[in-house]
Amino acid sequence: MSVFTPVSRPELETFLAPYELGRLLDFQGIAAGTENSNFFVSLEKGEFVLTLIERGPAEDMPFFIDLLDVLHAADMPVPYAVRDRDGHGLRELCGKPALLQPRLSGKHVKAPNNQHCAQVGELQAHIHLATRERILERRTDRGLDWMLDSGAELLPGLSAAQAALLTPALEEIRAHKAQILALPRANLHADLFRDNVMFEGTHLTGLIDFYNACSGPMLYDIAITVNDWCLNETDGIDLPRAQALLGAYAALRPFTAAEAELWPVMLRVACVRFWLSRLIAAQAFAGMDVMIHDPSEFEIRLAQRQQVALKLPFAL
Ligand SMILES: Nc1ncnc2c1ncn2[C@@H]1O[C@H](COP(=O)(O)OP(=O)(O)OP(=O)(O)O)[C@@H](O)[C@H]1O
Ligand SMILES: N[C@@H](CCO)C(=O)O
């Protein structure tokens with residue numbers, strides 16, 4: 001299971017006291033995460049999730065907290081840092097940056113339908129609309145330059161078939177970098193996968209795990225989302241679900257002509273990002289008791305996105 005930092009009950013009780021949320025009733029590590037240590041925490045005054053940040057610079061934490069405050073204030077179903085009696089949302093536990101957030105209700109959906117996808121598209125448009133006029137700047141640590149550098153480092157260790165897939169994909173990123181960076185920007189979740197969204201029935205009740213959030217091209221965020229939510233049985237794009245997601249998004253934030261043109265490229269860029277990060281994680285955590293996502297899923301998706309039949313809806 002992926003709790004990288006174990007926490008003892010006395011340590012947790014000391015940490016929780018300044019929140020004044022009553023006695024600690026129960027807590028347990030959450031196996032599902034791959035990047036941070038998470039715990040469900042039951043207190044007399046409610047249910048919470050404690051996160052210890054394991055990756056990335058601690059200087060970025062105020063960005064995540066500020067972004068969640070903006071989205072929470074705009075009534076989106078996101079967690080936010082609960083403040084202690086001194087007003088601190090970001091604290092420290094076991095030497096790691098730590099925050100306590102409300103536990104959101106609902107369950108992850110593995111096999112989404114059109115309605116689920118439409119709600120996801122709508123929420124993503126709301127996030128972009130709520131932030132694009134006052135973007136909170138954060139450069140992603142897994143951006144285009146990171147893809148080019150890590151891709152080059154990983155290439156010698158790949159099979160000939162993998163290298164034949166990755167090499168032109170990296171070339172494409174290099175060739176389109178300026179155009180991509182010129183696309184309309186906002187704050188992005190940048191990891192809007194099925195395992196970061198909760199539903200009750202077809203009602204979206206929560207979007208979590210903002211630790212990859214950043215500022216950047218909105219189209220990149222949408223490509224990441226479509227690549228996970230709208231898959232058919234061979235990892236190609238399921239057209240009805242993709243149309244539901246993109247249609248709901250575009251009803252709130254119409255796409256531009258430049259976005260429509262770069263759409264197929266962006267779907268491939270979004271595959272490269274997760275193929276590489278998963279390859280790196282698989283190497284780093286090999287043999288350890290840590291949940292690892294299968295890198296080959298994104299290798300297959302990248303192969304499937306060489307031809308893209310799905311057009312982005314946009315008004316001329
Ligand atoms: N605020 C929350 N409310 C309810 N459940 C939560 C909340 N935060 C986290 N969880 C649960 O904990 C699990 C792991 O959390 P999260 O996705 O943030 O971890 P992670 O290590 O960043 O994982 P990954 O990056 O692989 O998605 C989630 O799948 C969800 O089940
Ligand atoms: N959602 C990511 C893990 C967290 O960034 C993946 O599936 O590779």
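Fair warning: this is a prediction, and the values are worked out from it, not measured in the lab.
R9 forms no cation-pi arrangement with F27, by the criterion of a distance under 6.0 Å to the ring centre and an angle within 45° of the ring axis. Seen from the ring of F40, R103 counts as a face-on cation partner, given the 6.0 Å and 45° thresholds.
For Y249 and F255, the gap between ring centers is short of 6.0 Å. In this structure, F193 has its ring center under 6.0 Å from that of F274.
The backbone N or O of D84 sits nowhere less than 3.5 Å from a side-chain atom of H88 that would complete a donor-acceptor pair. Looking at S37, its side chain never comes within 3.5 Å of a backbone N or O of L52 through a donor-acceptor pair. Looking at R138, its side chain does come within 3.5 Å of a backbone N or O of A213 through a donor-acceptor pair.
You'll find the side chain of M147 reaches within 4.5 Å of the side chain of R273, heavy atoms only.
Using bins of under 30°, 30° to 60° and over 60° for the plane-to-plane angle, the ring pair F4/F285 lands in the tilted bin.
Note that CD of E122 is 10.5 Å distant from CG of L245, once rounded to the nearest 0.5 Å.
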side-chain hydrogen bond (donor to acceptor under 3.5 Å, both in side chains) assessment of D69 paired with H72
CA-CA 5 Å; D69 281 348; H72 175 61; over 6 Å; no
After noting the C-alpha distance and the side-chain angles of E299 and R278, does the key distance pass the salt bridge (charged side-chain N to carboxylate O under 4.0 Å, His left out) rule?
CA-CA 10 Å; E299 180 185 344; R278 287 181 173 196; over 6 Å; no
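Salt bridge K45/E20: absent, no basic N to carboxylate O contact under 4.0 Å.
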